[in-house]
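Below you'll find the structure, written out as structure tokens, and then a few comments.
Only a predicted model underlies this, so the values are computations on that prediction, with no experimental measurement involved.
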Amino acid sequence: MPCTVIAGGFWGDEGKGKIISYLALKDKLDLCVRTGSVNAAHTIWYEGKRYALHMVPGGFVHNRCRLLIGAGANVQVAQFLREVEETNVENRIGVDRQASIIEEKHSNQDKTSAYLKGLGTTGWGVGPAIEERVCRTAKLAKDVPELEPYLADVATEANQAIDAGREVLLEGTQGLLLSLFHGTYPYVTGRDTSASAICSEAGVGPTKIDEVMVVLKSFVTRVGTGPLPGEISKQEAMKRGWFETAAGTGRDRRSAPFNFELAKKALMINGATQVATTKLDCVFPECKDARDYQQLSEKAKQFIKEIENQTGTPVALIGTGPEALSIIDRRKHLTAT
Ligand code: IMP
Ligand code: MG
């Protein structure tokens, strides 16, 4: 599958980081392009260590993978440099010359605006930074001396890699329901989060995409304000083992049971060809760390089949634990049938 887009199906935090790290290792990704901004944290467990990455693409776990940040992304320079050091990827990471810079002043705007606070933003300043980009006053990566060693032409690199048949992954952030256009407006982020937007931010046209994989957690969570159908109490979430705190901001995540209607909408708008479900073990604990579909309980299999029946989309990957390799990979079976 030379070029795959990974997009979130709900309100972010579906476990995209885990899916990306698995694909990086398993498919030996050649190139991984991150889109979006610093507000999103992708959690990756690798070799017993936990990473919460706001800037570095999740493909870093495969040490031969070239890592890029697209022209449509926003770079927070200090965070970028910290993560480059933490993940030791200095020699294989690039930032598009035209990626815009998110500055302290944007974060201050996020934190001091009563309106933005009311929306429950992460406080990183993504909305205000994008506003500047739209006004054409934003600073770009090419204007920042510390980024000089990393400057790249991401669209050209990505398209050349795809044309050469290399394994390329375009990494989305957040989820469809946080999309500025298709989400629960105004309780959304400052950009579109759909697969099309991920392609656009990276500079790759839709005809170059082989698979759009939408990640759906086995239950739904959301941080910040806004509607969450079927929401359960924090106490109930703790009882069910669904209670989570945000990897980026540490805030409590609100939770609700899996929602087939929302999943259908997310798969439709993303043009999904495959689904990856995550955290199956949080809903069906007996499935923890299963690596084979046959190891799943009947109830868990029923849930997976229900997703496939209702959405008409195959569930290609099933996450059964936090480690990158705790996955049931059904892709071979999909191509065989
Ligand atoms: P902003 O993106 O910081 O402007 O925040 C707008 C809304 O999106 C708030 O409800 C945030 O909690 C939510 N949000 C932003 N980034 C993420 C993320 O990575 N995961 C989950 N929610 C997010
Ligand atoms: Mg997250």
Would you check if the side chain of [X] reaches a backbone N or O of [Y] as a donor-acceptor pair within less than 3.5 Å?
X      : Y      : value
Gln98  : Leu140 : no
Lys217 : Thr277 : no
Thr221 : Arg254 : no
Glu201 : Gly36  : yes
Arg34  : Ala73  : no
Glu157 : Ala152 : no
Gln160 : Ala158 : no
Asn159 : Gly203 : yes
Glu236 : Ser233 : no

With a 4.0 Å cut-off on N to O distance, would you call [X] and [Y] a salt bridge?
X      : Y      : result
Lys299 : Glu286 : no
Glu211 : Arg331 : no
Asp13  : Arg253 : yes
Glu86  : Arg82  : no
Lys301 : Glu298 : yes

So Phe10 and Phe258, would you call those rings parallel, tilted or perpendicular, with 30° and 60° as cut-offs? perpendicular
Kindly assign one of parallel, tilted or perpendicular to the pair Tyr51 and Phe60, based on the angle between their ring planes and the thresholds 30° and 60°. perpendicular
Interatomic spacing from [atom1] in [X] to [atom2] in [Y] - rounded to 0.5 Å:
X      : Y      : atom1 : atom2 : result
Thr184 : Arg222 : OG1   : CZ    : 3.5 Å
Thr278 : Leu317 : OG1   : CG    : 10.5 Å
Glu261 : Lys265 : CD    : NZ    : 11.5 Å
Lys16  : Leu216 : NZ    : CG    : 10.5 Å
Leu169 : Ile20  : CG    : CD1   : 6.0 Å

Under a 4.5 Å side-chain heavy-atom rule over Ile, Leu, Val, Met, Phe, Trp and Tyr, are [X] and [Y] clustered together?
X      : Y      : answer
Leu178 : Leu228 : yes
Met268 : Phe181 : no
Ile269 : Leu177 : yes

side-chain contact (heavy atoms from CB on, under 4.5 Å) partner of [X], the single match among [options]:
X      : options                     : answer
His54  : His42, Glu83, Gln76         : Glu83
Ile93  : Pro57, Cys65, Pro149, Cys32 : Pro57
Ile318 : Lys279, Arg291, Arg330      : Arg330
Pro128 : Asn108, Thr121, Asp110      : Asp110

Residues [X] and [Y]: side-chain donor-acceptor under 3.5 angstrom:
X      : Y      : value
Ser37  : Asn39  : no
Asn74  : Ser100 : yes
Asp192 : Ser179 : yes

State, with a plain yes or no, whether a side-chain heavy atom of Val33 is found less than 4.5 Å away from one of Val204. no
Could you please spell out the steps behind the side chain to side chain contact (heavy atoms under 4.5 Å, CB included) verdict for Leu170 and Ile209? CA-CA 9 Å; Leu170 308 183; Ile209 305 304; 3.9 Å; yes
May I ask you to establish whether Arg240 and Phe219 are in a cation-pi arrangement, using a distance under 6.0 Å from NZ or CZ to the six-membered ring centre and at most 45° from the ring axis? no
For side chain to side chain contact (heavy atoms under 4.5 Å, CB included), just list the numbers for Arg251 and Thr122, CA-CA rounded to whole Å, side-chain angles, deciding distance to a tenth of an Å, and then say yes or no. CA-CA 9 Å; Arg251 293 182 291 178; Thr122 61; 3.9 Å; yes
